Amino acid sequence: MDWISIKWALGGGVLIGVSASLLLLFNGRVAGISGILGGLVSRQPGKIWRALFVAGLVVGGAVAYAAMPGRFDASAAPSLPLVAIAGALVGIGTRLGSGCTSGHGVCGISRLSPRSIVATLTFMATGALSVLVVRLVGGLE
């Protein structure tokens, strides 16, 4: 890890925190991506702001890729079925946990929510264990 990576990570973290704060301040909503996406495909009100939020994520990713294509190395990308299975497991996990890392990790911890702290610690421990298993069993680096 170099200094430039740390600088970009800090910048991204600041942008996530500012955007989550602005959404809570002006819209009264927690910036949990799984909840925003779930509300977008359900009958919940507020589809416009949810669609704009998701569009901002997609456009932001596209701009970042256009500006720094070398930072998006996909040479170690797993197979599409593995990605689909992993995505389904993440979706089930966010449903069981009543939120994802953005909602619990960014917004919940900043509000000192015990439930969010436990959920985030569980996400991180499970993620670390998953990486360990994939590397040991799958031989990926």
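Computed from heavy atoms alone, side chains included, the values below leave out hydrogens, waters and symmetry copies. Keep in mind that this is a model prediction, so the values were computed, not measured.
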Which distance, rounded to the nearest 0.5 Å, do you find between the [atom1] of [X] and the [atom2] of [Y]?
X: Leu89; Y: Thr94; atom1: CG; atom2: OG1; result: 10.5 Å
X: Thr120; Y: Arg115; atom1: OG1; atom2: CZ; result: 10.0 Å
X: Leu24; Y: Arg29; atom1: CG; atom2: CZ; result: 10.5 Å
X: Ser116; Y: Leu121; atom1: OG; atom2: CG; result: 10.5 Å
X: Thr122; Y: Leu96; atom1: OG1; atom2: CG; result: 12.0 Å
X: Leu37; Y: Arg50; atom1: CG; atom2: CZ; result: 9.5 Å

Exercise. Counting only N and O atoms by type, is there a donor-acceptor contact under 3.5 Å from the side chain of Ser113 to the main-chain atoms of Ile109?
Worked result: no
Problem set entry | His104 (side chain) donor-acceptor with Gly97 (main chain) under 3.5 angstrom | yes
For this session: With side-chain contact (heavy atoms from CB on, under 4.5 Å) as the test, would you mind laying out the steps for Leu23 and Trp49 before giving the verdict?
Result: CA-CA 10 Å; Leu23 183 65; Trp49 75 263; 3.9 Å; yes
Problem set entry | Verify same cluster id: Leu25, Val14 (apolar side-chain graph, 4.5 Å) | yes
Problem set entry | Neighbour count >12 (heavy atoms, 6.0 Å) for atom CD1, Ile48 | no
Exercise. Is the closest side-chain heavy-atom distance between Val54 and Ile36 below 4.5 Å?
Worked result: yes
For this session: Could you please spell out the steps behind the side-chain contact (heavy atoms from CB on, under 4.5 Å) verdict for Leu57 and Ile33?
Result: CA-CA 10 Å; Leu57 291 175; Ile33 305 307; 3.9 Å; yes
Taking all heavy atoms of [X] and all of [Y], pick out the closest pair and write down the distance.
X: Cys100; Y: Gly32; value: SG-C, 4.3 Å
X: Gly99; Y: Phe123; value: O-CZ, 3.6 Å
X: Ser110; Y: Cys107; value: OG-O, 2.8 Å

